[in-house]
Amino acid sequence: MEFKPKITENRWNPGLEEKIRKTWNEEKIYVFNKNTKKKVFTIDTPPPYPSGRPWHIGAAAHYSQIDMIARTARMMGFEVFFPIGIDRNGLPVENYTEKKYNISIHETSREKFINLCVTALDDLEAEMIQIMKVMGLSGDFDNYYRTDSKEYRTLTQTTFIKLWDKGLIYEDTRPNNYCIKCGTTIADAEIEYEELPTELIYIKFKMKETGKDIIIATTRPELLCSCQAIIYNPKDERYKDLEGKHAIVPIFSKEVPILAHPYAKQEFGSGIVMICSYGDYSDVRMFRELKLKEIIAITPEGKMGKNAGNYAGLSIKDARNKIIQDLEKAGLIQKKENIMHRTPLCYRSKTPIEIIPMKEYYLKQIDFIPELLKIAKNMKFYPERHRQILIDWINSLTIDWPVSRRRYYGTEIPIWYCKNCKKACLPEPEKYYQPWKDNPPFKTCPHCKSEKGFEGETRTFDTWMDSSISPLFISKYGKDDDFFKKTFPAGIRPQAKDIIRTWLHYTILRCYQLTKKQAFEGAWIMGYGVDEEGKRMSKSKGNVVDPLPILEKYGGDIFRFWNASEAGLGSDFRYSNDKIESSAKFLTKLWNISRFISMFPEEKKAELTETDKWILSELNELIKKCIEGYESFDFFIPATALREFTWNLFASHYLEMAKSRAYGQGFDEEEQKAAWYTLHLVLKTLLKLFAPISPFITDYVWKELYGKESIHLESLSKPEWGFGLEKSTGKITEFNTEIWKTKKDKGLSLKTEIEVKIPKELKQFEKDLINMHNIRI
RNA sequence: GGGUCCAUAGUCUAUCGGUAGGACAUUGCCCUUACAAGGCAGGGAGCGCGGUUCAACUCCGCGUGGACCCACCA
């Protein structure tokens, strides 16, 4: 009998992937069947944000792993709903557009600016979609959604109107984080801190009762006009006699109380702090605690307001310089020190934020903390240890969520204001409104019945208002009840670690407020992609690795196997070209094993030899291990286990032991068929176990050898070969290694006949071992 | 300042109390009929100090170092 491999090429060719992808599309094997009788598993896919080139290799890896979740769930018997979306709202695209066209948002018409944003987004989006397809994502590309579409924004507005009706939205004057450059309030989560040099100024205040000097140290002398109290530490012996006295603020000559408060640190500056509205968040806390009346010092334009007297109209910096000059002239400055100061910055523009009281819309979240904690404790976390990040965040919330933004590229807040009574009028839900340019949808004011007309709201929502309803949008909330019931709550929310406190938190909050339900059964949290030095990749550091050239060179399967075998779930994973190379080698190995096995016919049953039972015992252990990994959506476990088994046991030992038998050299037909049976059985199982990780090569080999239907319609293998012979593995590999070593040491070819005693524990494998090593007994 | 997580060869990772296994890289030998994008072999590791135990990489404490999060000094 002559043996010819069915598979002829001797290496895996990533170029085949495109053709395989086409057949998937034609066969429609991933299409969601909403009339299924299977249990539905919804993936609340994170819509990636096209914020500029290149797309992060870590992000690409993230999406390839989300696809592994989808494929795993399918092979576990679920009907998988795997939507694909693109997040397009918000500041990053505005910044990208400003840079790309060298324009300023404030000097461009709103209409024109929005159109430029759309053009930029379309370009970036096309590349992302392409990358997702190349990686072999089995999501619904035909119906992919955009968060800036009319439909999506309609839902954002509709849910806002619903929450408004529930009384969960309110407008309030409140100290806000405000970025003067971006011209918008920003959420706490958008602030970053940096050590920056600044001057600490020691200013002389006068004590009203005694006329003595009191020295306070400040980095913000321009805020003197809004000083409403000065404090010292109650333990500070130096200032004991200040209790209950009053101080006179220099220049503005006003009287403020002197109070003892533990917040003042004795060792910093002079030990006395002035409390102004608002230099930082401790000022805010102090104003609330001491019930002081706020004085607005700085306007949203970043200039001094009318309360600043002579300094009104000056920029913050100019006002600071001028007031220092004036104080110096009057001899009111004791000294100046250069210090490093941890300064809060806007994370996009890197401008120091100001705390300015403004009117903004808020969504209540503080009232929901107990329910949110309950959900955080009830939800599954993959991996479990990331649960604490969410719990800590919920526990640290102190204010409600400011949801209004003074930007252009976002979902508009659907409100008109009556020109007569100034009250907010909300339109009917289920329609998309652009109040800054649309005609008002009502003639008379529902509050005062006036017909004087309306002023449209010009602000937009925080982008998280859109993002936080993704599970509702994909499940057609409010549009298709039947579909909604089947697909909501979602089975899993895959996402990155750094947006637990935004996306995950806000989604849980909003879905709970609207549906009283937990948005998803579980959250799957992936780590960061870091560069070869272990540093987190970011555009500003310039260490972002572009996934596109890597995918073009190696294809989706190698890329996917690489990132699955690179780090455990939730851990950061390091980009390394060497590792990608070695992943490519593994696929070639798997390919060649398949090629070898493809020489032999597949037997439907056989009388197994002990060697066959041994490898099946090991296969059984492998299946158990893989199932353990797949059930926890931790692909590192099956990826490494498969590599280990395939390369170091199956190929190195079993294949060599069974080779002569498979060729029929020195064995009878029954034994030969047992080898054929086992080789194919192991290969089929390996392909199925490997299919969620590398879907292309597995499907290709499957169809070449085992049938027309795709491997992706198969179920995950179950452990059913518990022969218990895995105990022999150590002895077998040791024995083989010893003979290889002996032959090598003696400079003999592996084919040379050798005389060795086979240990009695290996008696049962004797015949295969004798033929494998050419042993003379 | 508070918290969470982590610490095994140059790098990544396994072993949930009993000879530290594997991968990448590195070195040497070999074209052995699936694979030189391969095979075989070699060198190389438990952060420090205590404690629990017959036995600690594994459990506990302290320290050191790192990652991340929160708060934040006027």
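Chain A is the first sequence line, chain B the second, and so forth, proteins listed ahead of strands; every chain is numbered from 1.
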Engineer: Describe the nucleic acid contact of A:S565 in one word from base, sugar-phosphate, nothing, applying a heavy-atom distance below 4.0 Å.
Structural biologist: nothing
Engineer: At under 4.0 Å between heavy atoms, what does A:I216 touch on the DNA or RNA strands: base, sugar-phosphate, or nothing?
Structural biologist: nothing
Engineer: When the P atoms of B:C60 and B:U52 are considered, how many whole Å apart are they?
Structural biologist: 15 Å
Engineer: Let's test this: given Watson-Crick or G-U wobble pairing with both distances under 3.5 Å, identify the partner of B:C72.
Structural biologist: none
Engineer: For B:C49, give its Watson-Crick or G-U wobble partner with both distances under 3.5 Å, or none.
Structural biologist: B:G61
Engineer: OP1 or OP2 of B:C40 less than 4.0 angstrom from a side-chain nitrogen or oxygen of A:S652, does that happen here?
Structural biologist: yes
Engineer: Determine the contact category for A:T218: base if any of its heavy atoms lies under 4.0 Å from a base atom, sugar-phosphate if only primed atoms, P, OP1 or OP2 are that close, otherwise nothing.
Structural biologist: sugar-phosphate
Engineer: Mind listing the closest non-hydrogen atom pair of A:M657 and A:I732 along with its distance?
Structural biologist: SD-CG2, 3.8 Å
Engineer: Can you figure out which of B:A37, B:U32, B:A41 approaches the side chain of A:R11 most closely?
Structural biologist: B:A37
Engineer: Over how many whole Å does the gap from A:R387 atom CZ to B:C69 atom C1' extend?
Structural biologist: 17 Å
Engineer: Taking the C1' atom in each of B:G21 and B:A45, what is the distance between them to the nearest angstrom?
Structural biologist: 12 Å
Engineer: Could you identify which residues of residues 586-596 of chain A place a heavy atom less than 4.0 Å from some atom of RNA chain B, listed by residue number, or say none?
Structural biologist: A:T588, A:K589, A:N592, A:I593, A:R595, A:F596
Engineer: Considering every strand and a 4.0 Å limit on heavy-atom distances, what is the contact class for A:G730: base, sugar-phosphate, or nothing?
Structural biologist: nothing
Engineer: Pick the P atom in B:C30 and in B:A20, then give their distance to the nearest Å.
Structural biologist: 32 Å
Engineer: At what distance, to the nearest 0.5 angstrom, does OG of A:S728 lie from CD of A:E761?
Structural biologist: 9.0 Å
Engineer: Suppose you measure atom C1' in B:G3 against the same atom in B:G22; what distance do you get, rounded to whole Å?
Structural biologist: 35 Å
Engineer: Is the terminal nitrogen or CZ of A:K684 (NZ for Lys, CZ for Arg) located under 6.0 angstrom from the six-membered ring centre of A:Y706 and within 45° of that ring's axis?
Structural biologist: yes
Engineer: How about A:F633 and A:Y382: are their ring centres within less than 6.0 Å of each other?
Structural biologist: yes
Engineer: Under 4.0 Å between a side-chain nitrogen and a carboxylate oxygen: does that hold for A:E755 and A:R776?
Structural biologist: yes
Engineer: Round to a whole Å and report the spacing from NE2 of A:H653 to P of B:G39.
Structural biologist: 11 Å
Engineer: Whether A:K741 and A:E738 form a salt bridge (side-chain N of Lys/Arg under 4.0 Å from carboxylate O of Asp/Glu) is what I want to check.
Structural biologist: no
Engineer: Counting the atoms with a prime plus P, OP1 and OP2 as sugar-phosphate, which does A:L655 contact under 4.0 Å by heavy atoms, base, sugar-phosphate, or nothing?
Structural biologist: base
Engineer: Rounded to whole angstroms, how far apart are NE2 on A:H386 and P on B:C6?
Structural biologist: 10 Å
Engineer: Could you check which nucleotide pairs with B:C5 in any of the strands shown, counting Watson-Crick or G-U wobble with both distances under 3.5 Å?
Structural biologist: B:G66
Engineer: Rounded to the nearest Å, what distance is computed from the CD1 atom of residue A:I597 to the C1' atom of nucleotide B:U33?
Structural biologist: 16 Å
Engineer: Residues of residues 220-228 of chain A with any non-hydrogen atom less than 4.0 angstrom from an atom of RNA chain B: list those, numerically ordered, please.
Structural biologist: none
Engineer: Can you tell me the distance, in whole Å, between the CD1 atom of A:I394 and the C1' atom of B:C69?
Structural biologist: 14 Å
Engineer: What distance, rounded to whole Å, do you find between the two C1' atoms, one in B:G1 and one in B:G43?
Structural biologist: 47 Å
Engineer: From the set B:A41, B:C12, B:U4, return the single nucleotide nearest to any side-chain atom of A:W740.
Structural biologist: B:A41
Engineer: Can you list the steps and then say if A:S598 with A:E704 is a side chain to side chain donor-acceptor pair (under 3.5 Å)?
Structural biologist: CA-CA 9 Å; A:S598 78; A:E704 287 290 306; over 6 Å; no
Engineer: Determine the contact category for A:A584: base if any of its heavy atoms lies under 4.0 Å from a base atom, sugar-phosphate if only primed atoms, P, OP1 or OP2 are that close, otherwise nothing.
Structural biologist: nothing
Engineer: Could you please name the partner base of B:C40, counting Watson-Crick and G-U wobble pairs only when both distances are under 3.5 Å?
Structural biologist: B:G28
Engineer: Contact class for A:D280 vs. all strands (heavy atom < 4.0 Å): base, sugar-phosphate, or nothing?
Structural biologist: sugar-phosphate
Engineer: Assess the pair A:W702 and A:H680: is the distance between their ring centroids shorter than 6.0 Å?
Structural biologist: no
Engineer: Looking at A:R220 and A:D283, is there a salt bridge between them, counting it only when a charged N and a carboxylate O are closer than 4.0 Å?
Structural biologist: no
Engineer: For the ring-ring contact (aromatic ring centres under 6.0 Å, His included) test, which of A:Y700, A:F586, A:W591 pairs with A:F690?
Structural biologist: A:F586
Engineer: So which heavy atom on A:I215 is nearest to which on A:S270, and how close?
Structural biologist: O-OG, 2.6 Å
Engineer: For nucleotides 15-24 of chain B, read 5' to 3', which letter fits each nucleotide if B means a protein heavy atom sits under 4.0 Å from the base, S means only the sugar-phosphate is that close, and - means neither?
Structural biologist: -------SSS
Engineer: I need the CG-P distance between A:N10 and B:A37, as an integer number of Å.
Structural biologist: 9 Å
Engineer: Which nucleotide, in any strand shown, forms a Watson-Crick or G-U wobble pair with B:G17, with both distances under 3.5 Å?
Structural biologist: none
Engineer: Taking the P atom of each, how far is B:U4 from B:C73, in whole Å?
Structural biologist: 24 Å
Engineer: Work out how far the C1' atom of B:G44 is from that of B:A9, and round it to whole angstrom.
Structural biologist: 5 Å
Engineer: Remember a base hit wins even if backbone is also touched, and classify A:E9 as base, sugar-phosphate or nothing at under 4.0 Å, heavy atoms.
Structural biologist: nothing
Engineer: Given that both distances must come in under 3.5 Å, which nucleotide forms a Watson-Crick or G-U wobble pair with B:A23?
Structural biologist: B:U11
Engineer: As a quick check of understanding, evaluate side chain to side chain donor-acceptor pair (under 3.5 Å) for A:N774 and A:T752, giving each step before the final call.
Structural biologist: CA-CA 7 Å; A:N774 195 9; A:T752 317; over 6 Å; no
Engineer: I'd like to know if A:K335 pairs up with A:E337 as an ion pair, taking the criterion as any Lys NZ or Arg NE/NH1/NH2 lying under 4.0 Å from an Asp or Glu carboxylate oxygen.
Structural biologist: yes
Engineer: Determine the interplanar angle of the A:F559 and A:W562 rings, folded into 0 to 90°, and report it as parallel if under 30°, tilted if 30 to 60°, perpendicular if over 60°.
Structural biologist: tilted
Engineer: Hey, does A:E581 reach any base, or is it just sugar-phosphate, or nothing, if we go heavy atoms under 4.0 Å?
Structural biologist: nothing
Engineer: Expressed as a whole number of Å, how far does the P atom of B:C12 sit from that of B:A71?
Structural biologist: 31 Å
Engineer: Base, sugar-phosphate, or nothing for A:K659, non-hydrogen atoms under 4.0 angstrom?
Structural biologist: base
